[in-house]
Amino acid sequence: MDNIIIGSGPSGRLAALQLGKLGQNVKLIEKKHIAGTCLNEGCMVICALTDVTKFIETNNRFNKRGFIKSQLDVSYDKIVEKIKETQTMLRSINQEECESAGNELIYGEAKIENEEVVVNNESFTYDNLLIATGARPFIPDIEGNEYGLTSSDILNLDDIPEKLNIIGGGVIAIEVANIFSKLGSEVNLFARSTVLKDIKDEDATNYILKHLIPEINIHEHVNVDKLTKNKLVLESGEEFEGKSLFATGRIPNSEIAEGIVELNPNKTIKVNERMQTNVDNIYAAGDVTGGIQLTPIARMEGVCAARNMVNYPNKISYNSVPQTLNLNTEVSFVENEKIDENHKIADIGFPGIAGPGNFWTIMDGETGFTKVSFDADDNKIKRITSISPSSVSDVAYLSYIMREDYDLNDYDDFIEIHPSTDTNYKIIKNMWL
């Protein structure tokens, strides 16, 4: 059976690996770089730069305590150089992994024509097709938008901007704002409504604003009127000097599918729970389908599509998806959509506890914050918001408990590794059970 996948980001690459393991013939077509936005422009770039800012913040804290005396000289061009070297290494590893599964990797821009895929002037027929072309930054239709940078431009900056204006109030906007603020930029952030709407807990949001990003100037309920090369102007007429960067969401790269399969009103590709389009042998997965635009979800969708392409029935579920805000202290959160809002919900909030990555924040009162919401009627977790160095792994395993519909009593046998900053463990076992 001949399978073609267009796009080698997390969804396409994982689908190709899955099909290869199942002994299928796979042609994986990539326009630019293997591994998609995550490695080349998104998550990994944010992680790399945030690692640098964590080091800077730790160095400053140790200097403040007086037991280390050091002065840092940050070279942004050297940071970028080393990030790009690492990306090249990871692309090579990803390509080797892909080809070791028996997949054929083709670089070039694909088109779908007459039930064939055309790339580099060569046509290929297929039994099944997976469209995994991802998404790109959305550029608002405002005057001077050509002067606005996006997250895709971060590695193309010559130096750290003296002043940076970020348009947007979501996770990406806050992460980029944190990076450049810690690197020394004066950062203004402009949101049409409020910031961090994905985080449902007000106490957690307040903690983030007060303790994690206090140096960022946040302007809520404002509209940007226009940009110039080195200035942002609000509809109110107020002006702000500096470069501007859009972090205003993403739009699907679905043009390749127009007239081929059905699209949603927002131009994402319409799929069912099997990642199948309205055309039986055409599937789509990842950001091009909209929904939750996270790398683990794209991977999950790609694997789901691949299995269905070769008649291993599989359905996708999006309940209790854990997410994170990658700051100098990680913020992780998850909500169980199965819990009835009409049930009695009990909240327990708790300051962060000492442990790896948190010992030297105790004297500043910045160890973090965690709140867990419980369904008091059936003893199950409704929502978690955790701010701590271990929150990424903590919330990931607790999201599994939520998805599998475990009762909190099933958690009683869990043993944590010590030392740890897992406040969830303390809340659930010592304060609730």
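Since we're looking at a predicted model, the values are computed, not measured.
Residues satisfying the salt bridge (Lys or Arg N to Asp or Glu O under 4.0 Å) criterion with Glu143, sequence neighbours excluded, are absent altogether. Legend: residues meeting side chain to side chain donor-acceptor pair (under 3.5 Å) with Lys197, ordered by chain and number and at least two apart, are Ser193. Under the side chain to side chain donor-acceptor pair (under 3.5 Å) criterion, Asp405 pairs with Lys380, not counting sequence neighbours. Partners of Ser391 under the side chain to side chain donor-acceptor pair (under 3.5 Å) rule, at least two apart in sequence or in another chain, are Ser332. Listed by chain and number, the residues in a ring-ring contact (aromatic ring centres under 6.0 Å, His included) with His219 are Phe190, Phe240 (sequence neighbours excluded). Shown here are the side chain to side chain donor-acceptor pair (under 3.5 Å) partners of Gln95, two or more places apart in sequence or in another chain: Glu99, Tyr107. With sequence neighbours excluded, the residues satisfying ring-ring contact (aromatic ring centres under 6.0 Å, His included) with His211 are Tyr207. Tyr397 meets the ring-ring contact (aromatic ring centres under 6.0 Å, His included) test with Phe414; sequence neighbours excluded.
Note: Trp360 and Phe67 meet the aromatic proximity criterion, with ring centroids under 6.0 Å apart.
Not a single donor-acceptor pair under 3.5 Å links the side chain of Asn264 to the backbone N or O of Asn266. Looking at Asn319, its side chain does come within 3.5 Å of a backbone N or O of Glu337 through a donor-acceptor pair. With Asp127 contributing its side chain and Asp2 its backbone, the two residues share a donor-acceptor pair below 3.5 Å. Between the side chain of Thr277 and the main chain of Val279, a donor-acceptor pair closer than 3.5 Å is present.
The structure places CG of Asn128 at 8.0 Å from CG of Asn311, a figure rounded to the nearest 0.5 Å. Rounded to the nearest 0.5 angstrom, Gln323 CD and Ser399 OG are separated by 10.5 Å. From Lys31, atom NZ reaches atom CD1 of Ile256 across 9.5 Å, with rounding to the nearest 0.5 Å. For the atom pair OG1 (Thr367) and CD1 (Ile353), the distance works out to 8.5 Å, reported to the nearest 0.5 Å. A distance of 4.0 Å separates CG in Asn63 from OG in Ser70, rounded to the nearest 0.5 Å. Atom OH of residue Tyr425 and atom OG1 of residue Thr370 lie 15.0 Å apart, to the nearest 0.5 angstrom.
Heavy-atom neighbours of Glu202 CD from other residues, nucleotides or ligands within 6.0 Å: at or below the threshold of 12. No more than 12 heavy atoms of other residues, nucleotides or ligands sit less than 6.0 Å from atom CD1 of Ile172. Atom CD of Glu96 has 12 or fewer neighbouring heavy atoms from other residues, nucleotides or ligands inside a 6.0 Å radius. Remark: Tyr318 OH is packed, more than 12 non-hydrogen atoms of other residues, nucleotides or ligands lying under 6.0 Å away. When the shell of 6.0 Å around CD1 of Ile415 is examined, it contains 12 or fewer heavy atoms from other residues, nucleotides or ligands. Within a 6.0 Å sphere centred on CZ of Phe55, other residues, nucleotides and ligands contribute 12 heavy atoms or fewer.
Evaluation of the salt bridge (charged side-chain N to carboxylate O under 4.0 Å, His left out) test over residues 280-291, restricted to residues two or more places apart or in two chains, returns none. Sequence neighbours left out, the pairs with a member in residues 364-373 that pass salt bridge (charged side-chain N to carboxylate O under 4.0 Å, His left out) are Arg61-Asp364, Arg61-Glu366, Lys64-Asp364, Arg65-Asp364, Asp201-Lys371, Asp203-Lys371. Sequence neighbours left out, the pairs with a member in residues 304-327 that pass salt bridge (charged side-chain N to carboxylate O under 4.0 Å, His left out) are Glu273-Lys315. Residue pairs that meet the salt bridge (charged side-chain N to carboxylate O under 4.0 Å, His left out) test with at least one member in residues 421-433, sequence neighbours left out, do not exist here.
Checked options Asn278, Ile269, Val288; the residue passing with Leu263 is Ile269 (criterion: side chain to side chain contact (heavy atoms under 4.5 Å, CB included)). Evaluated for a side chain to side chain contact (heavy atoms under 4.5 Å, CB included) with Ile216, the options Asn188, Val187, Val195 yield exactly one hit, Val187. Partner Phe246 forms a side chain to side chain contact (heavy atoms under 4.5 Å, CB included) with one of Ile166, Val224, Leu227 and no other, that one being Leu227.
Looking at heavy atoms from C-beta onward, Phe374 lies in side-chain contact with Ile348 at the 4.5 angstrom threshold. Side-chain contact between Ile381 and Leu408 is present, with at least one heavy-atom pair separated by less than 4.5 Å. In this structure, the side chains of Ile112 and Leu129 come closer than 4.5 Å at one or more pairs of heavy atoms. Annotation: side chain of Ile56 is not in contact with side chain of Lys182 (no heavy-atom distance under 4.5 Å). No side-chain heavy atom of Asn25 sits less than 4.5 Å from a side-chain heavy atom of Met1. The shortest distance between side-chain heavy atoms of Arg192 and Ile167 does not fall below 4.5 Å. A heavy-atom distance below 4.5 Å is found between the side chains of Leu49 and Ile154. Taking 4.5 Å as the limit, every side-chain heavy atom of Thr150 sits out of range of all side-chain heavy atoms of Phe138.
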Full working for side chain to side chain donor-acceptor pair (under 3.5 Å) between Asn40 and Arg91: CA-CA 9 Å; Asn40 298 292; Arg91 288 176 198 138; 2.7 Å; yes
Could you walk me through whether Thr194 and Glu220 pass the side chain to side chain donor-acceptor pair (under 3.5 Å) check? CA-CA 5 Å; Thr194 58; Glu220 295 181 313; 4.9 Å; no
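Classification of Arg13 and Glu30 as a salt-bridged pair fails, no side-chain N sitting under 4.0 Å from a carboxylate O. A salt bridge is defined here as a Lys NZ or Arg NE, NH1 or NH2 lying under 4.0 Å from an Asp or Glu carboxylate O, and Lys54 with Glu57 fails to meet this definition.
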